[in-house]
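Taking it in order: structure first as structure tokens, then the write-up.
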Amino acid sequence: MESDASSITTAKSEPRSTEGESNASTTTTATAEPKSTEGRRWADVADDEPEEVPETSDGTSTPPDLGAMTIGDSSRGNQTLADPEDSSIEAVTSGDTPYKSAKTFEDLNLSPELLKGLYVEMKFERPSKIQEISLPMILTPPYKNLVAQAHNGSGKTTCFVLGMLSRVDPNLRAPQALCICPTRELAIQNMEVLLKMGKYTGITSILAIPADREHYVPVGKMPPIDKQVVIGTPGTISKWMTAKKLSMSFMKILVFDEADHMLAESGFQDDSVKIMKNILKSSPQCQILLFSATFNDAVRAFVDKIHKDLFVRDYNQMFVKKEELSLDSVKQYKVYCPDELTKVMIIRDRILELGEKVGQTIIFVRSRNSTAVLHNSLVELGYDVTTIQGALKQEDRDKIIREFRDGLTKVLISTDVLARGFDQSQVNLVVNCDLPIRHNSMEPDYETYLHRVGRAGRFGRKGAVFNLICDERDKMLMEKIEKHFNIQAAEVSSWQSEEDFQDALSKAGLV
DNA sequence: AAAAAAT
């Protein structure tokens, strides 16, 4: 993984309105971490690739001491002394709390039970780079809010799950940690990680997603929640909260997964802000973590605003530069084709079989209706594909996901319900049958594009994306995407040539 | 347009 060879840079910013504090200015960089050859690290680095990173300057490198560096800026404090060529993750800490990077889990004062979960269940050996940086910021008092950006497939989930588990007091039988996710699938997936990592801790948890019909209990008849960690979707959480079934009085940590989406999208934003305000009212000290691979300027401004409006507290940040965000390990292609109908032929004749050879495939389309159209034409032709979208019954959604997770199905057609966060290591191929587009505009949806790409190449694995381009609008969208991420998607020269597709996959390192 | 969710 090339990104491991880059360095960490950190910068210190000052909280607004604290003047006259001393600002020692230094920068430190960390060189490539030595790789362990046996077992897995916490982030499950691609195990099929022999790691050949030499243990260079290991002994000579300075550990990144996250507090004691660089300048404070009076405004937002994004100023750093980083070498722009060399920085892939940047931490901006706020205030005077010194943060020391966590080279081992023992550095973090975790309970023995949690450590056992990390080593035995998760098979982690030591913190990854983003964990090394973010965990001390999460776990060091005073507990400050954190806005954390990290690459797709780099293990954000394990970061905030570990954060929640270690901040919960196992002896207090009340909700203390809350995680809000954009989809039920993501909530379920995060819960699975929590159960695994927290297996020996005895910490209790509950999913807050709508129950299916036979398990439905009216909220009024529900007993109050006494579980310590709650993970769910905004509607259900908000419902429980309003009905006073979910007490916010002991809440210590609130996590927004895919935070940019949760805070920016209408429909999500209202619930998210409502929950946040409600928690802060009864639990003003609650720590808020915002995690995502993408934070655009509008979201950043909003985050800054809510901090001013609601908390008036300073917050820490960790982020990645836009140019370094698109995954190097996933090769992106464009396929020109004459019309929409041809897209189906291409998927059928060129992509499906090749895709099955290299693992599993997700095909993204724009609308629920398009999933049905594509699904039917492929099934009619005898192909075994399944489809997921938000209008399906929960049981069906669960079944489709289960079958895909178990490897019983190889090709999944999906709306953007799976664009974010869905983690299935066997997905090596992503097809954008439609490019993602911003509602009511001709602009591409850059964030969604990046998240879709990120469904392949989990944890540094190889992957490929085929973008099907059939008219001027597609072409324009693709050009904008390339420009935005400063990449050049390779062209599959002829959609009619099986060899060209074969070639594309081999260039992506998949065959 | 899609996502969540409750009506």
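Proteins come first, then strands; the chains are lettered A, B, ... in the order of their sequence lines, and each starts at number 1. Hydrogens, waters and symmetry mates play no part in the numbers below; they use all other heavy atoms, side chains included.
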_In this structure, how many angstroms lie between the C1' atom of B:dA4 and the CZ atom of A:F256, rounded?_
14 Å
*Looking for any heavy atom pair under 4.0 Å, which part of the strands does A:G267 touch: base, sugar-phosphate only, or nothing?*
base
*Rounded to the Å, how far apart are A:D257 CG and B:dA3 P?*
17 Å
*Looking across every strand, which nucleic acid part, if any, lies under 4.0 Å from A:E265 by heavy atom: base, sugar-phosphate, or nothing?*
base
*What is the distance, rounded to the nearest whole Å, between atom CD of A:Q394 and atom C1' of B:dA3?*
13 Å
*Nearest whole angstrom, please: distance from the P of B:dA3 to the CD1 of A:I188.*
15 Å
*asked:* Is there a side-chain contact between A:R366 and the phosphate of B:dA3, meaning an N or O under 4.0 Å from OP1 or OP2?
replied: no
_With sequence neighbours excluded, residues passing side-chain contact (heavy atoms from CB on, under 4.5 Å) with A:D339_ = A:L341, A:T342
*Base, sugar-phosphate, or nothing for A:T448, non-hydrogen atoms under 4.0 angstrom?*
nothing
*asked:* Between A:R420 and A:E447, does any NZ, NE, NH1 or NH2 come within less than 4.0 Å of an OD or OE carboxylate oxygen?
replied: no
_Of the options B:dA4, B:dA1, B:dA3, whose atoms approach the side-chain atoms of A:T415 most closely?_
B:dA3
_For A:Q360, run the side-chain hydrogen bond (donor to acceptor under 3.5 Å, both in side chains) check against A:Q424, A:R455, A:Q426 and tell me which one passes._
A:Q424
*Just how far, in rounded Å, is C1' of B:dA1 from CD1 of A:I388?*
17 Å
*Give A:R452 one of three labels, base, sugar-phosphate or nothing, depending on what nucleic acid heavy atoms sit under 4.0 Å from its own.*
nothing
*Under a 4.0 Å heavy-atom cut-off, which of residues 234-244 of chain A touch DNA chain B?*
A:G235, A:T236, A:K239
*Rounded off to whole Å, could you give me the NE2-to-P distance for the A:H261 and B:dA1 pair?*
16 Å
*asked:* Using whole Å, what does the distance between atom C1' of nucleotide B:dA1 and atom CG of A:L477 come to?
replied: 14 Å
_Is the terminal nitrogen or CZ of A:R173 (NZ for Lys, CZ for Arg) located under 6.0 angstrom from the six-membered ring centre of A:F250 and within 45° of that ring's axis?_
no
*asked:* Please tell me whether A:Y449 and A:Q332 have a donor and an acceptor in their side chains that are separated by less than 3.5 angstrom.
replied: yes
*Roughly, in whole Å, what's the span from CZ in A:R368 to P in B:dA3?*
4 Å
_I want to check a possible cation-pi pair here: A:R348 against A:Y383, using under 6.0 Å from ring centre and within 45° of the ring axis as the test._
no
*Using a 4.0 Å heavy-atom cut-off across all strands, classify A:R184 as base, sugar-phosphate, or nothing.*
sugar-phosphate
*Using a 4.5 Å cut-off on heavy atoms from C-beta on, say whether the side chain of A:I138 contacts that of A:Y143.*
no
